[in-house]
Amino acid sequence: MKTQKYINITLTVLTALILAVSLLLTFTVSDYYIFNRISFLNGEDSFNIFFVLSQWIKKAGLLLFPLAVFYKKRCCADIAKYVLPVFVIISCATFGGFFDITMLTESATPAQKVFASINEFMTKPANMALFFINSALYLAVCALLFVRDGWKVSKKSFIWLPFALVAVMPLNIFENFFDISNFSPAHPLWFKNFTVWHFLALAVLAGFTIGCYYFLKNKDRVTQNEFLAAGAIILLIQYHSKDSMLMGDGYNVYYTVFAALPLFICNIGVYIASISVILKKRVLYAISFFVHAVGALTVFVYFGKDEMSNYGIFCSYSILYFCLTHCLLFALSVLPSALGHYKFRIKHCLIPLAYYCGVIIVAAVASGLVQSFLTTYSYDGYTLTVGEGAGFDMSPPNYAFTQVCPLPVTLPVVPLTIWKCKLNLLYLLLLYVAYVCLFWAFTGAYYAFLAIRKPVLAKLTARGGKTEVPAVPVTFGESAEAEEIERETAATEEETAVAETDETGKKENV
């Protein structure tokens, strides 16, 4: 029994180390640079298909390991211990010029050289050391999973392998089949506001969220939490793919690692929403539901002025990344309420309102400091110019929209100087007020939905010839049991944890 305890502790520590080292590796150009440069599709200056495939499968380990170790999912453990070791070894034997990738070349423009000098802060020896340390940690965890679970494996476990690979798919892999430089904003495939691709993105957001709800609504609470946690892990993996893309090919209008700072409102939401479904804390649920659901929704409704965005065609990395991460963010923000894990109340808005005020302040200060640094920093005698529109090297940092208004409006200027950057204090105040109004509009729509839901269900039931409203799975906080628990205790976290512990003890790990 004591040996098993030590194994579990070791697995937890090693898995945490894998996640930490993998996070550091995303801050290298090479991490995602290889996936849109597969050799048999792109010829020279490309990468071995076996190495690229092995790196993709290793990304799946970032999903499988936490579920196998932290959530004791046998199906994930089976896949990890029988599949991952082979591809870890292949990656260590076929890396080729992987560690030699650099954007700091003689053919680069002066601005690109400045970007590279900022982005490539991790040296080649450090990159190599982290890569092989991570590979050793993968093999160690797989070996311990054999010790913990034995050699027996369920064939059904491997049904989940394709789903894991799709979930962590490198979204730039489609760029093997087209050259983004061959397309312009005038092309019909280009993603812009109010095009067919925009409305398709909105449809995908709605369909994805509704589909997730109906998939989960009849499952028990423990299973729901496991799927929500898996969604959170997938969101974090895909979110951090942007770190490497920024440093290599760029993301949207951004090309420096400073754009990886989680100071855009939805970037902060990635962490808040993910942690909320893992820790199941009411304050995090409230912030996700009241603030970040609206943040994800509004950018789907309007993507900002055309000159602010450079998403490319509908299947380029920038738009695929944006749509996937924001769909997951919106779903993780609203599903806990939809499934009855949490019910938002008016009094819960105070902390989210203060939180969003803090976000605006921190984002504004950071935008000013980063822009001032970028317009001061020089490499090889060249200094970047930062601004909005053509003729500039790069767009302003614009964290949480604090520098450039996404709407085509002009406001009077009340200057606020931060180092060498001038912001508009009046705009910042109006930005806060505007988003607070959106938060309340979304909350009002939520309460309106609850108000009409029961009468509609009653009418549908009456038309069906029944005299009573049928029992409905826990949904949108309408469960009588959930209502009673929240009314009596005003804090459901402890009782939920106890209930899950009891249920977990009865449930067989599959």
Side-chain angles (χ1 to χ4, degrees), residues 21-37 44-47 55 95-131 134 170 172 175 180-181 239-264 267 308 310 312 317-318 321 363 365-399 403-404 418-421:
V21 173
S22 297
L23 173 61
L24 290 175
L25 286 170
T26 64
F27 290 100
T28 62
V29 174
S30 56
D31 196 46
Y32 271 80
Y33 187 84
I34 62 173
F35 292 115
N36 60 355
R37 294 170 173 85
E44 295 182 2
D45 300 323
S46 302
F47 297 89
Q55 288 295 99
F95 58 82
F98 178 68
F99 300 109
D100 297 320
I101 298 171
T102 177
M103 307 304 292
L104 193 59
T105 61
E106 290 298 324
S107 60
T109 65
Q112 289 172 337
K113 290 180 180 179
V114 175
F115 297 151
S117 67
I118 294 171
N119 293 336
E120 297 178 28
F121 56 87
M122 189 176 295
T123 63
K124 178 180 175 179
N127 187 8
M128 293 183 68
L130 288 173
F131 179 90
N134 207 36
N172 59 335
E175 295 180 9
I180 192 65
S181 63
Y239 169 73
H240 280 291
S241 71
K242 178 165 63 68
D243 303 339
S244 180
M245 287 298 299
L246 280 166
M247 301 167 73
D249 296 325
Y251 161 70
N252 196 5
V253 296
Y254 299 105
Y255 296 92
T256 72
V257 70
F258 289 110
L261 294 175
L263 292 173
F264 299 93
N267 292 5
M308 289 178 62
N310 182 32
Y317 172 83
S318 289
Y321 162 84
V365 172
S367 288
L369 294 176
V370 169
Q371 177 161 324
S372 298
F373 170 78
L374 291 174
T375 53
T376 303
Y377 177 84
S378 296
Y379 179 80
D380 200 20
Y382 188 85
T383 304
L384 293 173
T385 56
V386 179
E388 182 182 0
F392 293 92
D393 291 325
M394 61 180 298
S395 296
N398 201 31
Y399 300 129
Q403 284 179 277
V404 182
I418 299 176
W419 193 1
K420 295 185 177 183
C421 178

Next item on the list: Report the C-alpha separation of Leu384 and Tyr377 in whole Å, then their side-chain angles, then the decisive distance to 0.1 Å, and conclude whether the side-chain contact (heavy atoms from CB on, under 4.5 Å) test is met.
Entry: CA-CA 8 Å; Leu384 293 173; Tyr377 177 84; over 6 Å; no
Checklist line | Derivation of the side-chain contact (heavy atoms from CB on, under 4.5 Å) call for Ile101 and Ile34 | finding: CA-CA 9 Å; Ile101 298 171; Ile34 62 173; 4.1 Å; yes
Note to self: Please evaluate residues Phe115 and Met394 with respect to the criterion side-chain contact (heavy atoms from CB on, under 4.5 Å), reporting the C-alpha separation (whole Å), side-chain torsions for both, the decisive distance (0.1 Å), and the verdict.
What the structure shows: CA-CA 10 Å; Phe115 297 151; Met394 61 180 298; 3.8 Å; yes
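Side-chain contact check for Leu369 versus Ile418: some heavy-atom pair is nearer than 4.5 Å. For the pair Asn119/Thr256, a side-chain contact is recorded, criterion being any heavy-atom separation below 4.5 Å from C-beta on. The closest side-chain heavy-atom distance from Tyr382 to Asp393 is below 4.5 Å. Here the side chains of Val257 and Leu246 are not in contact, with every heavy-atom distance at 4.5 Å or above. Residues Pro397 and Phe258 have side chains not in contact (no heavy-atom distance under 4.5 Å, counting atoms from C-beta outward). Using a 4.5 Å heavy-atom threshold, the side chains of Asn134 and Leu24 count as separate. Between Gln55 and Pro170 the shortest side-chain heavy-atom distance does not fall below 4.5 Å. Residues Met103 and Glu120 have side chains in contact (heavy-atom distance under 4.5 Å, counting atoms from C-beta outward).
With sequence neighbours excluded, the residues forming a side chain to side chain contact (heavy atoms under 4.5 Å, CB included) with Ala366 are Leu263, Tyr399, listed by chain and number.
Considering OH of Tyr379 and NZ of Lys113, their distance stands at 7.5 Å, rounded to 0.5 Å. To the nearest 0.5 Å, atoms NE2 (His240) and CG (Asp31) are separated by 11.5 Å. For the atom pair CE (Met247) and OG1 (Thr102), the distance works out to 10.0 Å, reported to the nearest 0.5 Å. The structure places CG of Asn172 at 13.0 Å from OH of Tyr321, a figure rounded to the nearest 0.5 Å. Put simply, NZ on Lys420 and CG on Leu374 are 12.0 Å apart, with the number rounded to the nearest 0.5 Å.
Sequence neighbours left out, the pairs with a member in residues 239-263 that pass salt bridge (Lys or Arg N to Asp or Glu O under 4.0 Å) are Arg37-Asp249.
In this structure, the side chain of Ser244 does not engage the main chain of Ser241 through any donor-acceptor pair within 3.5 Å. Within the 3.5 Å criterion, the main-chain N or O of Val404 finds a donor-acceptor partner in the side chain of Asn398. A donor-acceptor pair under 3.5 Å is absent between the side-chain atoms of Glu175 and the main chain of Ile180, judged by distance alone.
Thr376 approaches Ser372 most closely through the heavy-atom pair OG1-O, 2.6 Å.
Classified by interplanar angle (parallel below 30°, tilted 30° to 60°, perpendicular above 60°), the ring pair Phe131/Phe98 is tilted.
Between Phe35 and Tyr32, the gap from one ring centroid to the other is short of 6.0 Å.
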Going by atom type alone, with no hydrogens or angles, which donor-acceptor pairs under 3.5 Å involve a side-chain atom of residues 121-128 and a protein atom two or more places apart or on another chain?
unit_1: Thr123; atom_1: OG1; unit_2: Ala126; atom_2: N; d: 3.3
unit_1: Lys124; atom_1: NZ; unit_2: Asp100; atom_2: OD1; d: 2.6
unit_1: Asn127; atom_1: ND2; unit_2: Ser30; atom_2: OG; d: 3.3

